[in-house]
Structure formats: structure tokens, C-alpha cells
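Here the structure comes first, spelled out in C-alpha cells, and everything after it is commentary.
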Amino acid sequence: LVKTVKLEPSVFYHELISNGKVHASQKAVVPFKVNGIIKELLIRNGQKVEAGDLLAVIEDFEYQSQLETAKQTFAKAEINFKDELYSKYVTYDTSELSHEKVKTTRTRSGLDDAITALKLSEYKLSNTRIHAPIRGVVANLEALQWNPSQDYKNLCTIINDQDMEVEFPVIESEFSFLNKGMPVGIIPFINDSTFISGRITQINPQVDETGMIKIKAELRNNGLLIDGMNVKVVIRKPVSGRLVVPKEALVIRQGKDVIFVRQDTLAIWKYVTVEAENSTSVSIKEGLEPGDLVIVSGNVNLAHETVVKEE
């Protein structure tokens with residue numbers, strides 16, 4: 001028993017296969033901008049957060065005190081500024097004075113220094129409450145509650161892995177095969193039955209010392225990919241008008257490529273010339289004609305002119 005398919009000109013897909021790594025297209029390192037004891041820690045690794053969510057709180061007594069001191073210093077500097085104006089120019093109206101005179105008076109009174117110190121104190125106090133800059137998943141969290149923030153390089157990293165980017169190399173001879181916008185398929189090594197579609201976004205116009213060119217493609221995460229995961233990348237380029245048969249149809253006889261075709265009840269072998277092949281099919285350059293009934297199943301043990309029957 002054999003199974004056949006009628007051969008007709010169709011589209012053959014040239015395939016380029018490479019290995020690469022996927023990375024989140026948006027990633028934010030969340031630093032500790034002020035030193036102090038971590039009073040509250042509201043996150044864990046793997047936790048999903050939204051932009052603006054509170055992640056951690058630093059003990060703020062010292063920074064509250066600094067802000068109060070800065071406010072008092074600012075108030076005193078304002079008084080000194082007005083006193084300087086009146087004593088020097090007998091006026092409180094700065095619009096009547098030159099820019100240079102006002103600038104000198106602000107410096108002498110300490111008003112500019114007081115404003116700078118007030119802004120810095122407000123900045124430090126605001127950074128005792130650490131918020132998520134983007135939405136995503138918490139990663140690389142090592143900090144512990146009730147420990148000094150200065151003991152850690154950063155609080156965590158937030159990874160938005162909804163949209164991802166895969167980077168992979170191709171050899172320089174395949175440069176002409178690629179173009180920006182070409183579709184690619186991404187297959188995770190951990191689950192080779194998963195196929196995720198993407199598109200080429202960048203082709204680095206330089207060959208590295210190993211003869212490779214770096215390519216980048218964007219894709220939408222289906223929930224199975226994480227930042228840094230290894231994947232297989234498949235690029236398929238269609239070529240129309242080819243005689244395409246499944247790989248299973250091709251067998252070796254006497255060291256040559258052979259495909260069996262059914263003629264009435266006989267299996268006739270034909271020597272063929274393979275033009276190209278991909279992971280599932282081959283394109284035949286010579287040896288077959290449109291309309292041939294190509295045997296694709298039950299052909300392993302066939303000989304020339306074996307009597308066969310269609311399944």
C-alpha cells in the first residue's frame with residue numbers, strides 16, 4: 001500500500017536556521033537613589049507590577065528633618081534677600097533693578113543656595129518611596145527588608161516582556177537572503193512545538209571577525225518566553241513555480257536520489273536532481289514532471305516496477 005500526491009508547480013520555501021537569544025524590548029533597572037534602612041519591601045521576584053506601583057520604602061526620618069531645615073533656611077534667606085534689597089537700593093521691587101544687581105543680592109543673601117538645598121531635600125525625600133518606572137515583571141531582587149539600601153547595587157530590574165527582541169547571527173554569504181521586514185519564526189528550545197512569528201527589524205551592516213552578521217527581529221511574547229531564553233530562529237523565503245515534494249518521498253538507490261511515481265499499478269523509480277531542501281520538503285530541479293503521482297508513503301522498500309496499490 002502506498003500513498004501518492006499529484007505533483008503541481010507550487011511555492012518552495014528556502015530556509016535559513018540560526019540560534020539566538022530573546023530579550024525584553026523594555027527593561028528598567030530600579031536603583032536606590034538615597035541611602036537608608038529598607039523599611040518596607042512590597043515586591044518579590046516574578047511579581048507583576050504596573051507603572052507607578054510602590055515597590056519599597058526607605059526610612060525617611062533623616063530626610064524629613066533635612067527638608068524642614070531646608071525650608072527654614074529658605075525662609076531666612078528670603079528675609080535676608082529683602083533686607084539686602086532695601087539696604088542697598090531702598091526698594092523691594094526687583095523689576096526696578098538690573099539683572100546683575102538682583103543676581104548679586106540673591107547670592108549675598110544666600111537665597112540661591114537655599115533654593116538649591118530645598119530642591120535637593122525634596123528630591124531625596126521623594127526618593128525614599130520607590131515606584132515602578134514601567135509595567136512588567138520584577139527580576140534580580142536581592143534586597144532584604146530592614147537592611148541598609150547601600151548594601152545593594154540596585155533594588156531590582158523590571159522587565160516588560162510583552163514585546164521582545166531576538167538577536168541571532170547569520171553567515172555573511174546569507175546576507176543577500178535577508179531584508180528588513182522579512183517574517184521569521186521563533187522556536188524555544190524548551191518547547192519545539194511552539195512557533196512564534198516575528199519580523200526582522202535590524203540588519204547590522206558589518207561582518208564580525210568570525211564572518212557573522214548580527215540580525216534583530218521583534219516578536220510578541222506568547223507567555224512562554226522569558227528574558228535571555230535561547231531559541232531557534234527560522235527564516236523562510238518563498239520561491240514560486242517549483243516542483244515540491246515532501247522529504248519522505250526522497251529515497252536513496254545505488255547512491256543516487258530517487259523518487260518513486262505511480263503509473264497505473266506500478267511503482268516507477270526516477271532519478272532526480274534536488275535543487276534545494278528545507279526542514280520538510282525538497283525542490284526538484286530535474287527528473288519529475290507536473291502531473292506525476294509521487295509516492296510519499298510506503299516507498300522505503302520499493303524496487304523499480306513493484307506492483308503497488310493506493311491506500
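The figures that follow rest on heavy atoms only: side chains count, while hydrogens, waters and symmetry mates do not. Residue indices begin at 1 and follow the sequence shown.
A donor atom on one side chain and an acceptor atom on the other are not found under 3.5 Å apart for Glu15 and Asn278. For the residue pair Glu310 / Thr4, a side-chain donor-acceptor distance below 3.5 Å is found, with atom types taken as modelled. Side-chain N/O atoms of Glu218 and Ser25 include no donor and acceptor closer than 3.5 Å.
Within the 3.5 Å criterion, the main-chain N or O of Leu288 finds no donor-acceptor partner in the side chain of Asp292. Of the possible donor and acceptor atoms, one in the side chain of Ser149 sits under 3.5 Å from a partner among the backbone N and O of Val34. A donor-acceptor pair under 3.5 Å links the side-chain atoms of Asn191 to the main chain of Ser193, judged by distance alone. A distance-only check finds a donor-acceptor pair linking the side chain of Ser18 to the backbone of Pro169 [under 3.5 Å]. No donor-acceptor pair closer than 3.5 Å links the side chain of Gln202 to the backbone N or O of Asn204. Of the possible donor and acceptor atoms, none in the side chain of Asn127 sits under 3.5 Å from a partner among the backbone N and O of Lys124. In this structure a side-chain-to-backbone donor-acceptor pair under 3.5 Å is present from Arg242 to Ser240. When atom types are taken as modelled, the side chain of Arg129 and the backbone of Val57 share no donor-acceptor pair closer than 3.5 angstrom. Between the side chain of Asn154 and the backbone N or O of Cys156, no donor-acceptor pair lies under 3.5 Å. No donor-acceptor distance shorter than 3.5 angstrom exists from the side chain of Asp264 to the backbone of Leu266, with no hydrogens or angles considered.
Note that CD of Gln66 and CZ of Phe61 are 10.5 Å apart. Values are rounded to the nearest 0.5 Å. In this structure, the separation between CG on Leu219 and CG on Asp163 is 8.0 Å, given to the nearest 0.5 Å. The OG1 atom of Thr306 sits 11.0 Å away from the CG atom of Asn299 when rounded to the nearest 0.5 Å. Distance check, rounded to the nearest 0.5 Å: CD of Glu286 to CG of Leu243 gives 11.5 Å. The CG atom of Asp53 sits 9.5 Å away from atom CG of Leu42, with the distance rounded to the nearest 0.5 Å.
A salt bridge between Lys27 and Asp227 is present, with a side-chain N of the basic residue lying under 4.0 Å from a carboxylate O of the acidic one.
The closest side-chain heavy-atom distance from Lys82 to Tyr86 is not below 4.5 Å. Side chains of Ile158 and Leu55 form a contact here, defined as non-hydrogen atoms less than 4.5 Å apart. Residues Lys232 and Ile17 form a side-chain contact, since some pair of their non-hydrogen atoms from C-beta on lies under 4.5 Å apart. You'll find the side chain of Ile38 reaches within 4.5 Å of the side chain of Ile58, heavy atoms only. Considering only heavy atoms from C-beta on, Thr104 stays 4.5 Å or farther from Val102 through its side chain. Residues Ser98 and Lys101 have side chains in contact (heavy-atom distance under 4.5 Å, counting atoms from C-beta outward). For the pair Val308/Thr265, no side-chain contact is recorded, criterion being any heavy-atom separation below 4.5 Å from C-beta on. By the 4.5 Å heavy-atom criterion applied to side chains, Arg135 and Val49 are not counted as neighbours.
With respect to Tyr13, the side-chain contact (heavy atoms from CB on, under 4.5 Å) criterion is satisfied by exactly one of Ser281, Pro238, Ser283: Pro238.
The two residues Arg44 and Val138 have their closest heavy-atom pair at O-CB, 3.4 Å. Across Arg262 and Ile295, no two heavy atoms sit closer than the pair N-CG1, 4.0 Å. When every heavy atom of Ser109 is checked against every heavy atom of Glu84, the shortest pair comes out as CB-CG, 4.3 Å. What you find for Ser176 and Ser173 is that their closest heavy atoms are OG-O, 4.3 Å. Nearest approach of Gly36 to Gln150, heavy atoms of both residues: N-OE1, 3.2 Å. Here the closest non-hydrogen pair linking His14 and Ala276 is CE1-CB, 3.5 Å.
Residues Ile235 and Ile186 are members of one and the same hydrophobic cluster, defined by side-chain heavy-atom contacts under 4.5 angstrom among Ile, Leu, Val, Met, Phe, Trp and Tyr. If you chain together hydrophobic residues whose side chains sit under 4.5 Å apart, Val296 and Leu302 never meet in one group. No continuous path of hydrophobic side-chain contacts links Ile134 to Ile159 [ILVMFWY only; heavy atoms under 4.5 Å]. Residues Val251 and Val244 are members of separate hydrophobic clusters, defined by side-chain heavy-atom contacts under 4.5 angstrom among Ile, Leu, Val, Met, Phe, Trp and Tyr. Residues Val5 and Ile268 are members of one and the same hydrophobic cluster, defined by side-chain heavy-atom contacts under 4.5 angstrom among Ile, Leu, Val, Met, Phe, Trp and Tyr.
A cation-pi contact, defined as under 6.0 Å to the ring centre and within 45° of the axis, is absent between Lys21 and Phe168. For the pair Lys256 and Tyr271, the distance from NZ or CZ to the six-membered ring centre is under 6.0 Å and the angle to the ring normal is within 45 degrees.
Counting heavy atoms of neighbouring residues, nucleotides and ligands inside a 6.0 Å radius, atom NZ of Lys270 exceeds 12 of them. Taking a 6.0 Å sphere around CD of Glu289, one finds it holds 12 or fewer heavy atoms contributed by other residues, nucleotides or ligands. Heavy-atom contacts from other residues, nucleotides or ligands closer than 6.0 Å to NZ of Lys247 number more than 12.
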Problem set entry | Chi angles and distances behind the side-chain contact (heavy atoms from CB on, under 4.5 Å) call for Asp151, Leu144 | CA-CA 10 Å; Asp151 285 357; Leu144 297 173; over 6 Å; no
For this session: Could you give me the CA-CA distance, side-chain angles and deciding distance for Phe260 and Val258, then say whether side-chain contact (heavy atoms from CB on, under 4.5 Å) is met?
Result: CA-CA 7 Å; Phe260 285 94; Val258 168; 4.3 Å; yes
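Relative orientation of the Trp269 and His304 rings is tilted, given thresholds of 30° and 60° on the angle between their planes.
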